[in-house]
Amino acid sequence: MWQRLLDLWGWIFMSKIEKAFKKNTKAFIPFITAGDPNLAITKDLILALAEAGSSIVEIGIPFSDPIAEGEVIQKANLRALASGTTTDKIFAMLGEVRKKTAIPIVFLTYVNPIFTYGTEKFFANCLYYGVDGVIVPDVPYEEKEELLSFADKYEVDLITLVAPTSAQRIQLLVKSATGYIYIVSSLGVTGVRKNITTDIDELVAKIKAVSDTPIAVGFGISTQEQAQQMAKASDGVIVGSALVKLMEVYGNECVPVIKKYAQSMVQAIQS
């Protein structure tokens with residue numbers, strides 16, 4: 001009985017991201033760019049992705065210089081900026097989303113937009129509007145404290161990135177990781193890849209040896225076969241460019257197409 005009470009107590013104090021990984025055998029985490037093609041479609045996409053069985057939704061805040069992104073997501077950023085998307089408008093849209101779904105939401109952004117917006121204001125709004133985590137690819141471990149202090153204050157997980165070149169620094173990088181650890185499966189920028197050659201099994205094993213934080217793999221995954229392969233080694237799979245490409249092709253009609261794609265990926269990694 002005491003163990004059940006302790007388990008219940010632990011569940012109560014878990015973050016929504018932690019609960020998402022606990023509830024799902026394997027987590028499917030789609031990425032979309034906010035405001036592409038417009039924020040009304042972004043709202044519908046988040047709701048559709050939740051209905052499709054996604055565990056978490058990553059949302060890119062459009063930025064004119066997204067250094068980690070390949071051509072597909074760079075174009076999405078430009079389309080979103082051209083449609084008038086701003087950080088304040090994204091927060092307002094999420095306020096409407098939160099009336100209909102509690103799915104964990106994670107921002108992917110860069111340090112410049114956060115500093116320009118105001119770091120404390122940004123993280124305070126994340127808490128207020130229900131953003132559960134933030135990924136900032138251009139902040140190295142040695143400089144993340146400036147963001148981490150605000151992330152901790154406003155109960156937002158600052159997601160840790162681990163690249164194939166990080167093997168010698170894994171213990172340092174993941175020792176205080178929260179939410180989930182994002183393994184970058186391939187060197188270079190985001191984009192669909194035919195083959196993923198990184199030894200993900202080895203990288204995951206090194207992380208698991210020093211951290212209990214869930215691990216999700218992203219960068220380059222687009223097919224059900226790739227997703228299944230990455231899910232076998234990790235706790236979740238992140239898909240971005242393949243989804244954003246569908247947004248580019250189908251525009252305002254993209255929601256049902258992306259929902260169907262998400263359902264197929266959820267079935268693939270959980271089968």
Side-chain angles (χ1 to χ4, degrees), residues 15 17 29 31-36 42 56-82 85-94 104-166 169-170 172-191 213 216 218-219 238 240-241 244:
S15 71
I17 290 176
I29 307 174
F31 168 91
I32 58 175
T33 300
D36 178 29
T42 302
I56 297 164
V57 177
E58 290 183 1
I59 301 174
I61 297 178
F63 179 46
S64 58
D65 188 24
I67 58 173
E69 312 298 356
E71 183 180 5
V72 170
I73 297 179
Q74 285 182 18
K75 288 181 177 179
N77 276 258
L78 295 176
R79 291 193 300 269
L81 291 170
T85 303
T86 66
T87 304
D88 276 329
K89 289 179 181 179
I90 295 170
F91 279 125
M93 177 271 297
L94 291 177
I105 290 174
V106 173
F107 273 156
L108 190 150
T109 186
Y110 293 84
V111 71
N112 184 277
I114 294 176
F115 285 168
T116 301
Y117 190 80
T119 305
E120 181 152 19
K121 178 184 174 184
F122 178 83
F123 282 100
N125 277 346
C126 285
L127 175 61
Y128 183 82
Y129 289 100
V131 177
D132 303 283
V134 176
I135 304 168
V136 190
D138 59 341
V139 173
Y141 175 85
E142 290 78 8
E143 298 174 18
K144 76 173 189 176
E145 184 58 39
E146 192 166 354
L147 298 181
L148 186 59
S149 60
F150 291 107
D152 288 345
K153 178 178 179 179
Y154 293 103
E155 302 174 6
V156 178
D157 288 321
L158 192 61
I159 306 301
T160 297
L161 289 157
V162 174
T165 53
S166 304
R169 285 162 43 92
I170 281 176
L172 175 68
L173 294 173
V174 307
K175 66 179 181 180
S176 58
T178 61
Y180 56 95
I181 295 165
Y182 188 141
I183 288 186
V184 177
S185 69
S186 307
L187 295 175
V189 296
T190 57
T213 305
F219 269 55
I238 303 163
S241 293
V244 175

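From Ile73, atom CD1 reaches atom CZ of Arg79 across 10.5 Å, with rounding to the nearest 0.5 Å. With values rounded to the nearest 0.5 angstrom, Leu148 atom CG is found 13.5 Å from Lys153 atom NZ. Here NZ of Lys144 is found 6.0 Å from CG of Leu158. Values are rounded to the nearest 0.5 Å. To the nearest 0.5 Å, atom CD1 of residue Ile105 and atom CD1 of residue Ile59 are 4.5 Å apart. Atoms OG1 and CG, on Thr33 and Leu108 in that order, are 9.0 Å from each other to the nearest 0.5 Å. Here the CD1 atom belonging to Ile61 is positioned 5.0 Å from the OG1 atom belonging to Thr87, to the nearest 0.5 angstrom.
Residues Leu94 and Phe107 approach most closely at CD1-CZ, 3.7 Å, considering heavy atoms. What you find for Val244 and Ala76 is that their closest heavy atoms are CG1-CB, 3.4 Å. Across all their heavy atoms, Gly240 and Phe31 have their closest contact at CA-CB, 3.7 Å. The two residues Asn77 and Pro62 come nearest to each other via the heavy atoms OD1-CA, 3.0 Å. Closest heavy-atom contact between Tyr180 and Thr213: CA-CG2, 3.7 Å. Minimum heavy-atom separation, Gly35 to Thr42: N-OG1, 2.9 Å.
Screening residues 124-151 for ring pair (Phe, Tyr, Trp, His ring centres under 6.0 Å), with sequence neighbours left out, gives Phe91-Tyr129.
Remark: the backbone N or O of Asp157 is not paired with any side-chain donor or acceptor of Thr178 at under 3.5 angstrom. A donor-acceptor pair under 3.5 Å is absent between the side-chain atoms of Thr160 and the main chain of Val174, judged by distance alone.
Within the 4.5 Å cutoff, the side chain of Leu147 has heavy atoms near those of the Phe115 side chain. The shortest side-chain heavy-atom distance between Thr109 and Phe63 does not fall under the 4.5 Å cut-off.
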Original post:
Given the rule in the side-chain contact (heavy atoms from CB on, under 4.5 Å) test, do Glu58 and Ile135 qualify, once you have shown the distances and angles that lead to the verdict?
Top reply: CA-CA 9 Å; Glu58 290 183 1; Ile135 304 168; 3.5 Å; yes

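Defined by atom type and a distance below 3.5 Å, a donor-acceptor pair is missing between the side-chain atoms of Asn125 and Tyr154.
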